[in-house]
Amino acid sequence: MKKRYLVTAALPYANGPLHIGHLAGAYLPADIYVRYLRLMGKNVVFVCGSDEHGAAITVRARKEGVTPREIVDKYHTSIRDTFEKIGIAFDIYHRTSEPLHHQTSQDFFRKLLENGQFEEKESDQYYDEVAGQFLADRYIIGTCPVCANPDAYGDQCEKCGSTLSPTQLINPRSTLSGAAPVMRPTTHWYLKLNEHEAWLREWINTGKADGRQLHNPATWKNHVVGQCNSWLDQGLQPRAMTRDLDWGVDVPHEIPHSEGKKLYVWLDAPIGYISATKQWALDHHTNWEPYWKDKDTSLIHFIGKDNIVFHCLIFPAILKAHGDFILPVNVPANQFLNLEGNKLSTSRNWAVWVHEYVAELPGREDDLRYNMIKNMPEQRDSEFTWKGFQESTNTELVGNLAGFVHRVLVLMHKNYSGVVPGIDASREFRSGWDAEQVGTYDSELHRLHLKLEEMGREVEQFNFREALRILMEISSAGNALLQFNEPWKAIKDDPELVKVVLNLALQYVAALSVALRPFLPFAAQRLRQMLNLPLLNDDSALLDIHNELAEGNPVIRPNHALNAAEHLFTRIPDEVIASQVAKLQAAAQANQPAAEKTAPATYPPMKEEIQYDDFAKLDIRTGTILEASKVEKADKLLKLTVDLGFEKRTIVSGIALHFQPEEIVGKQVLVLANLAPRTMRGIESQGMILMAEDAEGRLSFVSPETSWPNGWGVK
RNA sequence: GGCGCGGUAGCUCAGCUGGUCAGAGCGUAUGAUUCAUAAUCAUAAGGUCGGGAGUUCAAGCCUCCCCCGCGCUACCA
């Protein structure tokens with residue numbers, strides 16, 4: 001067992017609020033894990049913070065007519081408060097705009113440079129000649145090559161979610177000036193990731209690095225290892241660690257060619273974990289370094305699956321390249337959470353926003369946490385539905401758990417005025433775990449202990465759904481214990497039985513008041529209050545219970561006075577669910593027409609003026625498609641044979657997503673006939689078919705109005 | 001097209017290196033019960049473990065082919 005733990009949760013990007021997908025993906029599992037470790041008396045630091053740099057934030061700022069600073073301040077505050085309200089208990093929630101972070105990142109850059117980890121390379125990037133600056137991917141918009149959305153960004157299309165590069169965009173234009181950008185050379189520092197490939201492969205697959213066993217790869221999730229190997233097998237390439245950005249951490253100024261260059265996200269965001277730890281250490285007058293550099297520290301990154309490669313390959317490479325840092329022992333990435341059958345989408349407003357949830361359903365933080373843990377996407381994508389949320393709350397939390405707690409407390413007050421009775425330990429009764437079995441107080445306490453241990457093992461293996469299920473089993477067994485022994489009847493003629501049974505049931509409740517804290521921290525405190533036990537802080541309360549149970553001691557001693565019974569959870573009425581569903585749909589619909597309305601307004605800008613001679617260079621001919629077939633191994637390409645009258649041409653055209661080969665045979669088309677041949681997928685294309693494209697990205701052939709002879713010119 | 005991860009009872013999901021692995025929770029049905037928020041407890045339902053072929057004494061779990069979902073990636077003049 002390691003001496004200390006450092007747990008990180010992915011830094012939220014400060015250009016929008018938090019939704020339930022973020023929660024289920026990274027923050028909730030991290031929070032459960034950390035709270036559990038604390039209850040077990042472990043030394044653990046849990047860090048997170050806002051990722052506040054990058055072009056998306058400046059784009060948003062310009063759109064809203066404010067400064068980037070105002071954007072990140074707004075969302076940093078909102079996200080931080082939302083985490084607090086939903087009970088995510090970071091030791092520190094830092095931010096990457098802090099000077100401490102800038103220094104930390106720059107120091108990393110200097111160290112990597114010093115270690116010879118970079119190569120300076122020139123590449124061509126889009127440049128806006130009107131605005132006079134290089135364009136971040138996010139500053140370039142154009143038509144998405146996948147879904148034909150005319151307003152896709154250079155890094156991603158928000159309509160279809162495709163990851164893009166600016167050169168893939170059709171008709172790219174600058175968001176700064178509207179001008180068509182031009183390619184221009186620029187210099188950047190590239191991390192020689194290729195040199196790290198070999199050890200990364202070994203480390204990922206065997207857990208060994210530099211001959212030392214650092215982790216057991218069998219404990220890593222399949223999809224994490226799989227995704228890494230997929231990358232490794234394709235060969236790691238040097239990756240640019242700097243960009244031409246205007247909002248971020250400067251490349252240290254003393255370094256030549258650093259003007260205008262910022263550290264790219266790889267050398268910015270993950271280092272935020274380190275600067276957060278530094279700030280935490282400053283605040284607590286302690287040293288941050290053991291948490292990042294001591295072999296006896298377990299470093300664990302909680303992230304969503306979109307972050308696997310960053311955290312399992314690139315960041316470890318950076319840490320190793322630096323030289324002094326430890327590597328993560330696990331990166332338990334979750335998959336994605338869907339909402340009511342569709343992917344969560346910030347831009348389409350298909351989401352449950354956490355800040356709205358906590359405002360609209362106050363006091364129901366744990367209801368949400370419970371349902372999200374129950375459906376946590378641990379191994380595969382999973383689904384949140386309002387109906388399911390209502391069901392899990394009403395049946396499992398209210399019916400099973402709160403019902404159990406309430407009936408125990410009520411029976412305690414009815415029979416013993418709320419004072420825990422002493423018991424006859426030799427008295428036998430029917431076990432709540434099995435109606436056929438006879439149990440004693442000691443044997444049943446022992447069984448409780450085993451269950452708690454079982455739960456703990458699951459948490460340690462990041463199986464949070466299973467861990468929570470085991471706790472609910474304790475509640476069910478408690479209910480069964482009451483059911484089988486019927487204390488409400490036995491009180492008349494067998495009072496000793498009632499004492500044992502109720503005392504035992506109360507031990508279950510008391511154990512749950514601690515064990516539930518990682519999952520349902522608010523309910524756990526309510527329960528403590530009801531039991532008249534001290535509220536939990538982050539001491540080793542669960543470890544203490546383990547120790548007591550191991551000795552055969554109860555969790556609550558006789559003569560302890562309980563507080564009044566209350567409802568731990570309340571039912572969610574149908575109206576609440578109906579209004580949430582309606583709200584979700586209204587938001588989605590409001591968003592739909594808006595997209596259509598704005599679309600026609602964004603015609604591609606006019607290209608620069610040309611002379612007749614330029615036009616005259618184009619040799620456009622009429623032709624007829626004779627044959628058409630799909631190109632092997634290409635989704636978008638059709639191989640066409642076109643009759644130009646005087647000859648037949650083979651033309652490869654990227655229209656396969658729009659037309660079936662059969663339906664276009666015989667079609668009359670216009671062909672740009674003197675375009676230089678180009679080979680695609682091994683086929684030489686001898687020309688280009690002219691197509692019209694609309695705002696939706698639909699394509700139409702451009703043809704003569706009526707049947708027309710092949711091979712004649714167009715002017 | 002390539003690669004990765006998935007496709008298990010109505011729903012949401014567990015099933016590690018092949019041999020009590022055919023499971024859990026919810027929903028449903030029937031019965032029991034009334035201390036408890038129309039809560040609880042018991043029992044049941046017969047799911048060809050995406051489809052097909054193969055390896056093996058034995059396969060959700062291994063191999064091959066195919067289909068579907070998600071992610072990454074290639075092609076788009």
Side-chain angles (χ1 to χ4, degrees), chain A residues 143 145-146 161-163 168 170 218-219 221-234 305-306 308-309 335-336 338 343 371 374-385 387-388 391-392 394-415 432 435 458 461 463 465-466 468-470 472-473 475-484 486-491 498 502 505 565-571 630-638 651-657 672 675-678 680-683 685 687-691:
Chain A
T143 301
V146 178
S162 305
T163 306
Q168 290 177 283
I170 302 159
T219 61
K221 299 190 184 195
N222 283 343
H223 60 269
V224 171
V225 175
Q227 168 107 47
C228 291
N229 281 325
S230 174
W231 270 65
L232 290 166
D233 290 347
Q234 284 170 32
K305 69 172 165 186
D306 52 335
I308 289 172
V309 171
Q335 308 250 15
F336 287 154
N338 292 320
K343 285 198 268 192
N371 182 269
K374 184 179 156 70
N375 294 319
M376 193 171 271
E378 290 176 340
Q379 310 293 345
R380 45 155 51 146
D381 290 357
S382 70
E383 170 123 351
F384 176 90
T385 64
K387 184 81 172 25
E391 259 176 19
S392 68
N394 290 355
T395 65
E396 297 174 46
L397 289 181
V398 175
N400 189 328
L401 179 61
F404 171 57
V405 169
H406 195 246
R407 62 201 301 213
V408 170
L409 283 247
V410 164
L411 287 166
M412 276 288 177
H413 278 97
K414 276 192 178 169
N415 295 321
E458 296 296 345
Q461 292 167 56
N463 297 326
R465 304 166 59 125
E466 179 64 12
L468 182 55
R469 215 210 84 234
I470 290 168
M472 292 304 288
E473 245 177 46
S475 176
S476 283
N479 273 317
L481 177 74
L482 299 181
Q483 206 65 35
F484 297 155
E486 304 188 304
W488 48 91
K489 280 185 184 169
I491 192 66
V498 177
L502 287 188
E566 285 167 33
H567 291 147
L568 193 57
F569 290 98
T570 57
R571 299 179 65 82
K630 285 269 297 174
V631 174
E632 291 275 314
K633 302 184 181 183
D635 291 349
K636 296 173 190 171
L637 299 182
L638 288 186
I651 296 178
V652 178
S653 182
I655 58 174
L657 292 181
L672 180 56
L675 183 66
R678 163 148 174 156
M680 283 175 279
R681 286 279 143 190
I683 302 166
S685 180
M688 174 176 161
I689 307 287
L690 268 43
M691 308 292 294

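Lettering of chains follows the sequences in order, A, B, ..., and the numbering in each one begins at 1.
- Nucleic acid contact for A:Arg469: sugar-phosphate only, since backbone atoms but no base atoms lie under 4.0 Å from a heavy atom of the residue.
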List the atom pairs, donor and acceptor, that lie under 3.5 Å between side-chain atoms in residues 397-404 of chain A and the rest of the protein, sequence neighbours left out.
from	atom 1	to	atom 2	distance (Å)
A:Asn400	OD1	A:Ser475	OG	2.6
A:Asn400	OD1	A:Asn479	ND2	3.1
A:Asn400	ND2	A:Ser476	OG	2.8

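- Inspection of the A:Asn371 and A:Ser392 side chains reveals an N or O donor paired with an N or O acceptor under 3.5 Å.
- Taking for each of A:Glu473 and A:Phe404 the nucleotide of RNA chain B with the nearest heavy atom, the 5'-most of the two is the partner of A:Glu473.
- Using N1 to N3 plus N6-O4 or O6-N4 for Watson-Crick, or N1-O2 and O6-N3 for G-U wobble, each under 3.5 Å, B:A77 pairs with nothing.
- Summarising the geometry, the separation between CZ on A:Phe569 and C1' on B:A39 is reported as 15 Å, rounded to the nearest angstrom.
- Within the nucleic acid shown, A:Ser476 comes within 4.0 Å of sugar-phosphate atoms alone, with no base atom in reach, counting heavy atoms only.
- Between the CG atom in A:Asn463 and the CD atom in A:Gln379 there is a gap of 7.0 Å [rounded to 0.5 Å].
- Comparing the same atom, C1', in B:G7 and in B:C66 gives a spacing of 14 Å after rounding to whole Å.
- Looking at every heavy atom in both residues, A:Thr570 comes nearest to A:Asn394 through O-OD1, 4.4 Å.
- Across all strands shown, nothing is found opposite B:U56 as a Watson-Crick or G-U wobble partner with both distances under 3.5 Å.
- Within the nucleic acid shown, A:Val410 comes within 4.0 Å of sugar-phosphate atoms alone, with no base atom in reach, counting heavy atoms only.
- Taking a pair to require two hydrogen-bonding distances under 3.5 Å in either a Watson-Crick or a G-U wobble arrangement, B:U17 remains unpaired.
- Distance check on atom P: B:U43 versus B:G23 gives 14 Å, rounded to whole Å.
- Distance CD (A:Glu486) to C1' (B:C41): 10 Å, rounded to an integer number of Å.
- Considering only side-chain atoms of A:Lys414, the nucleotide from B:C70, B:C35, B:U33 that sits closest is B:C35.
- Checking A:Glu566 against A:Phe484, the closest nucleotide of RNA chain B that is more toward the 5' end is the one next to A:Glu566.
- Base pairing of B:C70: its partner is B:G4, meeting the Watson-Crick or G-U wobble criterion (both donor-acceptor distances under 3.5 Å).
- One atom, CG of A:Leu468, and another, P of B:A24, lie 18 Å apart when rounded to the nearest Å.
- At the heavy-atom level, A:Lys221 lies nowhere under 4.0 Å from the strands shown.
- B:G60 has its base syn relative to the sugar, with a glycosidic angle deviating from 0 by at most 90°.
- Residue A:Lys305 comes nearest to A:Phe336 through the heavy atom pair CE-CD1, 3.4 Å, listed as atom of the first residue, atom of the second, then distance.
- Across all strands, A:Asn400 comes closer than 4.0 Å only to sugar-phosphate atoms, never to a base (heavy-atom distances).
- Figure legend. B:A36 is base-paired to no nucleotide; pairs are counted as Watson-Crick or G-U wobble with both atom distances under 3.5 Å.
- Nucleotides B:C5 and B:U12 are separated by 23 Å at their P atoms, to the nearest Å.
- Annotation: B:G10 and B:A53 have their P atoms spaced 23 Å apart (nearest Å).
- Taking atom CG of A:Leu502 as the reference point, atom P of B:A36 lies 13 Å away to the nearest angstrom.
- As rounded to whole Å, 18 Å separates atom P of B:A24 from atom CG of A:Asn463.
- Closest approach to the A:Leu675 side chain among B:C26, B:A77, B:U40 is made by B:A77 (side chain taken as heavy atoms from C-beta onward).
- Residue A:Gly388 is classed as having no contact, given no heavy-atom separation below 4.0 Å to the nucleic acid.
- Using a 4.0 Å heavy-atom criterion, one finds that A:Ala218 contacts no nucleic acid atom at all.
- Straight-line distance between the P atoms of B:G27 and B:G18: roughly 37 Å, to the nearest whole Å.
- Residue contacts for A:His567: at a heavy-atom cut-off of 4.0 Å it reaches a base atom on one of the strands shown.
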Protein-proximity profile, nucleotides 4-14 of chain B, B/S/- by nucleotide at the 4.0 Å heavy-atom cutoff, equals SSSSB---SBS

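- Taking each heavy atom of A:Ala505 and A:Leu482 in turn, the nearest pair found is CB-CD2, 4.2 Å.
- The distance from atom CZ of A:Phe336 to atom P of B:G71 is 8 Å, rounded to the nearest whole Å.
- The interatomic distance linking A:Ile308 (CD1) with B:C70 (C1') rounds to 12 Å, in whole Å.
- Base pairing annotation: B:U30 forms a Watson-Crick or G-U wobble pair with B:A42, both donor-acceptor distances under 3.5 Å.
- Here the separation of B:A9 from B:A45, taken at their C1' atoms, is 9 Å to the nearest Å.
- Nearest heavy atoms, A:His406 versus A:Ala565: CD2-CB, 3.8 Å.
- Taking CD from A:Glu378 and NE2 from A:His223, the interatomic distance works out to 10.0 Å, rounded to the nearest 0.5 Å.
- Distances from the side chain of A:Glu396 to the nucleotides B:A39, B:C41, B:G25 place B:G25 closest.
- The pair A:Glu396-A:Lys374 meets the salt-bridge criterion, with a side-chain N (NZ, NE, NH1 or NH2) lying under 4.0 Å from an Asp/Glu carboxylate O.
- Between the C1' atoms of B:G54 and B:C16, the separation comes to 25 Å (whole Å).
- A salt bridge does not link A:Asp381 with A:Lys343: none of the charged nitrogens is closer than 4.0 Å to a carboxylate oxygen.
- Rounding to whole angstrom units, NZ of residue A:Lys489 and C1' of B:U40 are separated by 14 Å.
- Counting any heavy atom pair closer than 4.0 Å across all strands shown, A:Leu411 reaches a base atom.
- With B:G27, B:A39, B:A32 as the candidates, the nucleotide lying closest to the side chain of A:Gln483 is B:A32.
- Comparing B:U34 with B:C61, their C1' atoms are spaced 47 Å from each other, to the whole Å.
- Within the nucleic acid shown, A:Leu568 comes within 4.0 Å of at least one base atom, counting heavy atoms only.
- Shown here for A:Gln483 and A:Arg407, the closest heavy-atom pair between the two residues is OE1-NH2, 3.3 Å.
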